[in-house]
Peer 1: 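To start, I am sharing the structure in question, which I have written as C-alpha cells.
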2 protein chains.
Amino acid sequence: MAGRRRWSTEEILDAAAELLRTGDAESFSVRKLAAVLGTDSSSLYRHFRSKTELLRAVADRILLAAMDGYHPEGDWKQRITALALRVRDAFGRQPQLAAVWGRYASSGTGSRLVMEEVLQALRASGLPDDEIPVRYHRIAVLIAALIASEAHASAVAPEEREQGMELFRVAVLGADPERFPALAHFARDVRPLGADRRAAFEEILAAQLAHIEAATRPS
Amino acid sequence: MAGRRRWSTEEILDAAAELLRTGDAESFSVRKLAAVLGTDSSSLYRHFRSKTELLRAVADRILLAAMDGYHPEGDWKQRITALALRVRDAFGRQPQLAAVWGRYASSGTGSRLVMEEVLQALRASGLPDDEIPVRYHRIAVLIAALIASEAHASAVAPEEREQGMELFRVAVLGADPERFPALAHFARDVRPLGADRRAAFEEILAAQLAHIEAATRPS
DNA sequence: ACCTGAACACCGTTCAAGT
DNA sequence: ACCTGAACACCGTTCAAGT
C-alpha cells in the first residue's frame, strides 16, 4: 500500500472509482485519493489539470462499466427508460460524479454509448429526424437533473436529513388553515421530496416520453 | 462596516441574502459572511447550528420575496408554470440555496406559499383529491431537480465551462461513425446540456403537466 | 453572561527545492 | 527529468480563555 512507485493514469482512475464507490462519496478529495495511493496529492496534478478533469474521467469509466452487458429490449420508450435507470444506478450515491456528468457529460466511450443508444431509440420512435436533436436534449437535461438531485440527496448526512424531515413536517402540519387551506387539507398525505425516489424518477421520465410519443402520432 | 456591535438573526439573514445575490454565489462561506458583518465566523454559530440551517432560512426568505405580488392567473397549468418560473428566477444563480431547498424545502412562509399555490392549482385541475398528493410530489421533485441543476451549471467558472463545451464537441464530432452511427448522424445538431435552458425547463414541465391533465380526462 | 481568538481538521492547487 | 515537501489561500466548526 505504502510502496513508493509511479502510478499510471489508469491506475489512478481505478483507485478513484473504487474510493468513490466504497468510501464516503460526498467527501471524496484529491488528498484522500493520494493517501490511498501512498503518495502526495501534488503528484496527481501531473495526470490531471484539476479535480473536475479527474472526476470527468472517472464518470466516463463508470458509465462504461454500467453499459457492460446492455442490450436494447422492448420499444423505444422502454429502451430509454432502461438506460436511464442504469445511469441512475451507476451514479446513485456519488453526487460529485453525477454533478460533473450532469454539467457537460464527458467525452469518453461511456458517454458516447449512452448518447448513441438514446438517439437510436428516438429514431425508432418514428419522430422525424429534424425533431430528434431537441427531443434528445430535453431527455438528457431531465435525466441529468434527476440523477444529480437524487445523488445529492442520498449523500446527505443522517442528522441533517432528520432535521430536514422535521422541518418539512413542521411546514406542512403546522400550516395555518386560514392562510394555507389546501396545504392544511393535504397535510397528512403530502410526502417530502426524498420519499419514493425511484417511482418518481420513472413516472417523471415516462411523462416526458409520453409527451414525445404524442408528437409522433398524427393529431 | 467594521463597527463592533451585536447582529440580530434578521440582520444576519439579510446580509447573507445580499452576499449570495451580489457576490460569487457558489463560493459563499460563513467566513465571508462574518467578514462582511465585521465579526468572526464563530459568533454566527450562536444564531445557527450549521451553515445548512442558515442557508435554509435564507432560502425561505428569498422565496417569500419572490412570491411578493404574485396573483394566480390563467388555468391550473399556467399557474404552476408561472410559479415554477418565479422560483427558478429566485434561485437561478445561487446553487447553494437551490441545493438546500431542493433537498427538503424549508419550513417558513415562503415555502408554504409555494406549496399552497401548487396544491390549489392541482385542485382546480379536476384531479380527484386522493391523487393530488402524489402528483404534487412529482411536480415538486421535477422542479427542484431542474432548478438545482441549472443553478449549479450557471455557477460554473468560465474556464471550466469552456473545457466542458470542448469535451462535448470532441465527444460528438469525434465519434466513430461505425461504432456510433446515430451520434455521427446527428453530430452537428445535438446541443450541449447547458444550451437553451429556459426553453428546456418550460417544455419539460409542460410535458409533466400535460401528463397529469390526461389523467383528468375520461379515457 | 456573553463573545471571540485561536485552534482543529480539513480542502484544491502551486512551485521551489530537492533527487 | 522527474517528483514532492511545504506552502498558499481557503473551508466549517468548536471551545477554552478572556471580558
Side-chain angles (χ1 to χ4, degrees), chain A residues 1-9 11-13 15-16 19-20 23-59 94-97 99-100 103 152 155-161 163-164, chain B residues 1-9 11-13 15-16 19-20 23-59 94-97 99-100 103 152 155-161 163-164:
Chain A
M1 301 256 159
R4 189 171 304 270
R5 48 168 294 218
R6 298 212 308 284
W7 302 93
S8 70
T9 302
E11 288 169 317
I12 293 169
L13 288 176
L19 187 55
L20 277 157
D24 188 0
E26 105 202 83
S27 76
F28 171 85
S29 72
V30 177
R31 288 171 117 107
K32 281 182 192 160
L33 175 59
V36 165
L37 294 169
T39 183
D40 189 86
S41 60
S42 61
S43 65
L44 300 180
Y45 281 85
R46 197 161 314 280
H47 297 86
F48 305 99
R49 271 182 305 183
S50 67
K51 186 186 179 186
T52 297
E53 191 174 299
L54 165 65
L55 287 172
R56 280 203 263 241
V58 176
Q94 304 181 343
Q96 298 201 38
L97 288 182
V100 293
R103 279 209 279 282
H152 226 97
V156 170
E159 70 269 26
E160 200 200 304
R161 165 177 284 122
Q163 274 174 33
Chain B
M1 305 260 155
R4 190 169 304 272
R5 48 168 296 218
R6 298 214 306 286
W7 302 94
S8 70
T9 301
E11 288 170 317
I12 293 169
L13 289 176
L19 187 55
L20 278 156
D24 188 359
E26 107 203 82
S27 75
F28 171 85
S29 72
V30 178
R31 288 170 117 108
K32 282 182 191 159
L33 175 59
V36 165
L37 294 169
T39 183
D40 189 87
S41 61
S42 61
S43 65
L44 300 180
Y45 282 83
R46 199 161 313 282
H47 298 85
F48 305 98
R49 270 180 305 183
S50 66
K51 186 187 179 186
T52 296
E53 192 174 298
L54 165 65
L55 287 173
R56 281 203 262 240
V58 176
Q94 305 180 344
Q96 298 201 37
L97 288 183
V100 293
R103 279 209 279 282
H152 227 96
V156 170
E159 69 269 28
E160 200 199 305
R161 165 177 285 122
Q163 273 174 34

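These values consider heavy atoms only, across backbone and side chains, with no hydrogens, waters or symmetry-generated copies. Predicted, not measured: the structure shown is a model, and the values here were computed from it. In what follows, chains are A, B, ... by sequence order, proteins preceding strands, each numbered from 1.
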Peer 1: Heavy atoms, side chains only, cut-off 4.5 Å: are A:Val30 and A:Phe48 in contact?
Peer 2: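 No, every pair of side-chain atoms sits at 4.5 Å or beyond.
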Peer 1: List for me each residue that meets side chain to side chain contact (heavy atoms under 4.5 Å, CB included) alongside B:Phe28, sequence neighbours excluded, and say none if there are none.
Peer 2: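 Partners of B:Phe28 under the side chain to side chain contact (heavy atoms under 4.5 Å, CB included) test: B:Ala16, B:Leu19, B:Leu20, B:Leu33, B:Lys51, B:Leu54, B:Leu55, B:Gln96.
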Peer 1: Can you check the B:Leu37 CG to C:dT4 P distance for me, whole Å?
Peer 2: 12 Å
Peer 1: Measure from CD on B:Glu26 to P on D:dC10 and round the result to the nearest Å.
Peer 2: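 Result: 14 Å.
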Peer 1: Distance check, P atoms only: D:dA9 and C:dC10, in whole angstrom units.
Peer 2: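 Looking at atom P only, D:dA9 and C:dC10 are 22 Å apart.
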Peer 1: If you measure only the distance, is there a donor-acceptor pair under 3.5 Å linking the side chains of A:Ser8 and A:Glu11?
Peer 2: yes
Peer 1: Rounded to the nearest 0.5 Å, how far apart are CZ of B:Arg161 and CD of B:Glu159?
Peer 2: 10.5 Å
Peer 1: Please tabulate the protein-to-nucleotide N/O contacts below 3.5 Å involving nucleotides 14-19 of chain C, giving atom names and distances.
Peer 2:
none

Peer 1: Using whole Å, what does the distance between atom P of nucleotide C:dC2 and atom CG of B:Leu44 come to?
Peer 2: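 It works out to 17 Å between those atoms.
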Peer 1: Grab the NZ-P distance between B:Lys51 and D:dC11 for me, whole Å please.
Peer 2: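 Atom NZ in B:Lys51 sits about 9 Å away from atom P in D:dC11.
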Peer 1: How far does the C1' atom of D:dC3 sit from the matching atom of C:dA16, given to the nearest Å?
Peer 2: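 Comparing C1' positions in D:dC3 and C:dA16 gives a spacing of 12 Å.
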Peer 1: If the condition is salt bridge (Lys or Arg N to Asp or Glu O under 4.0 Å), which residues does A:Arg103 pass it with, not counting sequence neighbours?
Peer 2: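 Once residues adjacent in sequence are excluded, the partners of A:Arg103 under the salt bridge (Lys or Arg N to Asp or Glu O under 4.0 Å) criterion are B:Glu160.
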Peer 1: Using whole Å, what does the distance between atom P of nucleotide D:dT13 and atom CD of B:Glu53 come to?
Peer 2: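 The answer, rounded to whole Å, is 10 Å.
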Peer 1: Could you provide the dot-bracket string of DNA chain D, using ( ) for intrastrand pairs, [ ] for crossing pairs and | for bases paired to another strand, with Watson-Crick or G-U pairs below 3.5 Å?
Peer 2: ||.|||||...|||||.||
Peer 1: With sequence neighbours left out, write down each residue that passes side chain to side chain donor-acceptor pair (under 3.5 Å) with A:Ser42, or none if nothing qualifies.
Peer 2: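 Partners of A:Ser42 by the side chain to side chain donor-acceptor pair (under 3.5 Å) criterion, ordered by chain and then number, come out as A:Asp40.
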Peer 1: Roughly how many Å is it from CH2 in A:Trp7 to P in D:dC3, rounded to a whole number?
Peer 2: 13 Å
Peer 1: Between A:Thr52 and B:Arg31, just flag the one whose closest nucleotide in DNA chain C comes earlier from the 5' side.
Peer 2: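 Going by which nucleotide is closer to the 5' end, it is B:Arg31.
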Peer 1: Taking 4.0 Å as the cut-off, does a side-chain nitrogen or oxygen of B:Lys32 come that near to OP1 or OP2 on D:dC11?
Peer 2: yes
Peer 1: Only counting residues at least two apart or in another chain, list the ones meeting side chain to side chain contact (heavy atoms under 4.5 Å, CB included) with B:Ser43.
Peer 2: B:Thr39
Peer 1: Using side chain to side chain contact (heavy atoms under 4.5 Å, CB included) as the criterion, list what pairs up with A:Arg46, not counting sequence neighbours.
Peer 2: none
Peer 1: Under 4.0 Å between a side-chain N or O of A:Thr39 and OP1 or OP2 of D:dC3?
Peer 2: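 Checking A:Thr39 against D:dC3: no side-chain N or O falls below 4.0 Å of OP1 or OP2.
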Peer 1: My understanding is that only residues two or more places apart in sequence, or in another chain, count here; which of them pass side chain to side chain contact (heavy atoms under 4.5 Å, CB included) with A:Asp24?
Peer 2: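 A:Asp24: side chain to side chain contact (heavy atoms under 4.5 Å, CB included) contacts with A:Glu26, A:Ser27.
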